[in-house]
Amino acid sequence: MVPCARPGDCINRIPTECAMRLSRYFLPTLKETPREAEIVSHRLMLRAGLVRQEAAGIYSWLPFGKKVLDKICAIIREEQDRSGAIELLMPTLQPAELWMESGRYEAYGAEMLRVTDRHERPMLYGPTNEEMITAIFRSAVRSYKNLPLNLYHIQWKVRDEVRPRFGTMRSREFLMKDAYSFDLDADAARAAYNRMFIAYLRTFDRLGLKSIPMRADTGPIGGDLSHEFIILADTGESAVFCDQALLDLPVPGADTDFRGELDSIVAPFLSGYAATEEMHDQAAFEAEVPQERRIAARGIEVGHIFYFGTKYSDPMKAVVTGPDGADVPVHMGSYGIGPTRLVPAIIEASHDDGGIIWPASVAPFDVGLISMRAGDPACDAACETLETELANTGLDVLYDDTDARGGAKFAQMDLIGLPKQVIIGPKGLAAGEAEIKDRATGERTMVPLGGVVSALTA
RNA sequence: CGGGGUAUAGCGCAGCCUGGUAGCGCACCUGCUUUGGGAGCAGGGGGUCGCAGGUUCAAAUCCUGCUGCCCCGACCA
């Protein structure tokens, strides 16, 4: 067994490379589909041992699911940080007082889970954090010189949904990355919006998803600064309409200068037609998009960004002193991504009859190593050598050292969807070879034992 | 919150109509034989039949009430 360091913080571990043996792991997979699961991602998440339902819309994340969640969060963090946002962590429990100040305590309704503490003080499980972040901001920032500022956290949220459904796609307790930007005026806020816009395009691209920004309802604020990021999937919750050209646009690179001019980078994504059913205008769609480029499909919302000006800074008095010496309420925006929703979204977008097909960037392990004959000295030795070699090259390896039969191992390995499988059996060993299978394509190739590592890292 | 389902072993199900003290497959444990796409044989363990009342000599089964969960709708990251 290859030891691995286990650094981590209070909510999400930093993913680390290491080897794990299936005989010692906790991976409760199911051959049959639990009755309650309807859509494919929910079925596969239960069957592949990612989650366990505790109550309607409440889930435990089992080790496999936790690993995927951590990898998703790590990518989100990297792209948030790259764009200049700064991470903090706010609590799940909030005093009702803050929400009374913004006026949303009454407005939020039954979706807000309210509790009372032992001192009879009204509290609530946070469905979002605009009020709290505004309170944090106003307590510390006085001058326009401290702007722009974008603070984010990744934290569990609670919305007591009337009808949770589709597994973790629509749960009552869910993980959310929410960022909040603070700027002196609307122009600066637009620049902040652009930074998040690009960070989101990059984040979803790295998660193996093709995301399409779509104009969303801006509510009473108006303007064009609200977008939902949608990925296409047959089981998507809403109908979406867009121009094929948007799907073909290149995603901004890692070398994007987030302190530079971004309007020109964002502009192409704003120009093409793209709308969810609530915003859809069939006449405009047909007028703007040539028939052969019209896409009418279903989509899953995986992110939402919007600018809301002084909606919270006004009532909550989050003001800074401007260059002219006058106090002005800051212009704010908020930017959400749901990691616990991204897991099923990725599965909806990437699976086959055999199970999940993880994009390499979020796979719980990079490689599944299958011993066809556990207990056979030659197989054991070859597997242990490979296990060490692969882990030493930085690959995360799940070694199936159990004495199950080949067929059962293949089926389980396909179900859990690791990108690559390395199969070691007496047959191949006699020729000094291992078999490598690509989960996505199903392609199998025989390679010399000594060439496995280079074949996988090429 | 309206409509429709459903609840029996860890999972998937039968039994209920026509009451007689619970069964099948998978999984699990033991042994033997097997071993490249969810093995075979033999033996074994595991269930207050969602909960509470009621009818009856007797209730998984019939009656009443409640609850959990799922699906459709409205709502939403």
Side-chain angles (χ1 to χ4, degrees), chain A residues 28-39 42-43 46-47 49 52-58 76 108-112 126-129 154-179 200 216-217 219 226-231 236-238 276 278 299-306 334-345 353-355 370-376 379 400 402-416 421-431 433-435 437 442 444 446:
Chain A
T29 57
L30 304 170
K31 196 146 63 167
E32 292 176 285
T33 303
R35 184 175 32 188
E36 73 262 20
E38 186 73 11
I39 64 169
H42 190 194
R43 289 203 298 259
L46 293 169
R47 287 193 54 210
R52 194 183 97 95
Q53 179 169 322
E54 303 297 351
I58 310 279
I76 291 172
Y108 220 94
E111 277 201 2
M112 177 183 280
T128 177
N129 287 71
I154 299 178
Q155 176 63 291
W156 293 96
K157 305 287 189 296
V158 171
R159 292 183 193 171
D160 196 2
E161 295 274 352
V162 197
R163 189 186 158 210
R165 67 183 108 172
F166 304 147
T168 65
M169 187 83 82
R170 181 79 175 276
S171 49
R172 290 196 286 174
E173 184 184 53
F174 56 97
L175 199 57
M176 185 156 98
K177 183 288 299 182
D178 40 329
Y200 274 37
D217 191 0
S226 178
H227 285 85
E228 293 180 356
F229 285 72
I230 302 282
I231 64 156
E237 62 211 325
S238 57
T276 59
E278 303 84 48
I300 300 172
E301 181 185 347
V302 289
H304 195 161
I305 62 179
F306 53 94
S334 77
Y335 316 87
I337 294 180
T340 46
R341 157 174 279 205
L342 274 164
V343 176
D353 289 345
I370 293 178
S371 171
M372 293 301 295
R373 196 73 59 87
D376 174 79
C379 280
D400 184 350
T402 65
D403 60 2
R405 300 167 65 85
K409 293 192 178 198
F410 291 141
Q412 186 183 35
M413 201 56 87
D414 284 351
L415 171 65
I416 65 177
Q421 300 171 12
V422 175
I423 301 150
I424 300 294
K427 236 185 256 179
L429 281 187
E433 292 182 323
E435 182 177 335
K437 176 180 161 181
R444 305 146 167 274
M446 298 302 295

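Letters A, B, ... are given to chains in the order of the sequence lines, protein chains preceding strands, and every chain is numbered from 1.
Looking only at side-chain heavy atoms (C-beta outward), Y108(A) and P127(A) come within less than 4.5 Å of each other. The shortest distance between side-chain heavy atoms of K437(A) and I370(A) does not fall below 4.5 Å. For the pair I305(A) and F229(A), the minimum side-chain heavy-atom distance is below 4.5 Å.
One finds no side-chain N or O of R172(A) lying less than 4.0 angstrom from the OP1 or OP2 phosphate oxygen of C76(B). The phosphate of C70(B) has OP1 or OP2 within less than 4.0 Å of a side-chain N or O from Q53(A). Contact annotation: R165(A) does not reach the phosphate of A77(B) (side-chain N/O to OP1 or OP2, under 4.0 Å).
The aromatic ring of F410(A) does not stack onto the base of G38(B), failing the criterion of a centre distance under 5.5 Å from the six-membered base ring together with planes under 30° apart.
Comparing the P positions of G12(B) and C69(B) gives a spacing of 15 Å, expressed to the nearest Å. For the P atoms, the distance linking G31(B) with G38(B) amounts to 25 Å, nearest Å. Between A14(B) and U6(B), the two P atoms lie 10 Å apart (nearest whole Å). Comparing the same atom, P, in G65(B) and in U21(B) gives a spacing of 29 Å after rounding to whole Å. Taking atom P on both nucleotides, G4(B) is separated from A77(B) by 29 Å, rounded to a whole Å. Distance noted for atom P between C70(B) and A60(B): 28 Å (whole Å). If you take atom P in C51(B) and the same atom in G10(B), they sit 13 Å apart, rounded to whole Å. Comparing the C1' positions of G25(B) and U67(B) gives an interatomic distance of 30 Å, to the nearest angstrom.
Taking only distance into account, the side chain of R47(A) meets the base of G38(B) through a donor-acceptor pair shorter than 3.5 Å. In this model, no side-chain donor or acceptor of R159(A) finds a partner on the base of C76(B) within 3.5 Å.
Look at CD1 on I154(A): it is 14 Å from C1' on A77(B), rounded to the nearest Å.
In this structure, the side chain of K177(A) engages the main chain of Y335(A) through a donor-acceptor pair within 3.5 Å. For the pair R165(A) (side chain) and R170(A) (backbone), a donor-acceptor distance under 3.5 Å is absent.
Closest non-hydrogen pair, S238(A) versus E278(A), comes out as CB-OE2, 4.4 Å.
A donor-acceptor contact closer than 3.5 angstrom is absent between the side chains of D178(A) and Q155(A). Under the 3.5 Å distance criterion, with hydrogens and angles disregarded, a donor-acceptor pair is assigned to the side chains of H304(A) and S226(A).
Both G425(A) and E301(A) sit near RNA chain B, but only G425(A) has its closest nucleotide nearer the 5' end. Along RNA chain B, the nucleotide closest to H42(A) and the one closest to M446(A) are compared, and the more 5′ of them pairs with M446(A).
Using a 4.0 Å heavy-atom distance criterion, G407(A) is classed as a sugar-phosphate-only contact. Using a 4.0 Å heavy-atom cutoff across all strands shown, I423(A) reaches at least one base atom of the nucleic acid.
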### Query
Nucleotide by nucleotide, 5' to 3', does protein get under 4.0 Å of the base (B), only the sugar-phosphate (S), or neither (-) in nucleotides 4-15 of chain B, counting heavy atoms?
--SSS--BSS--

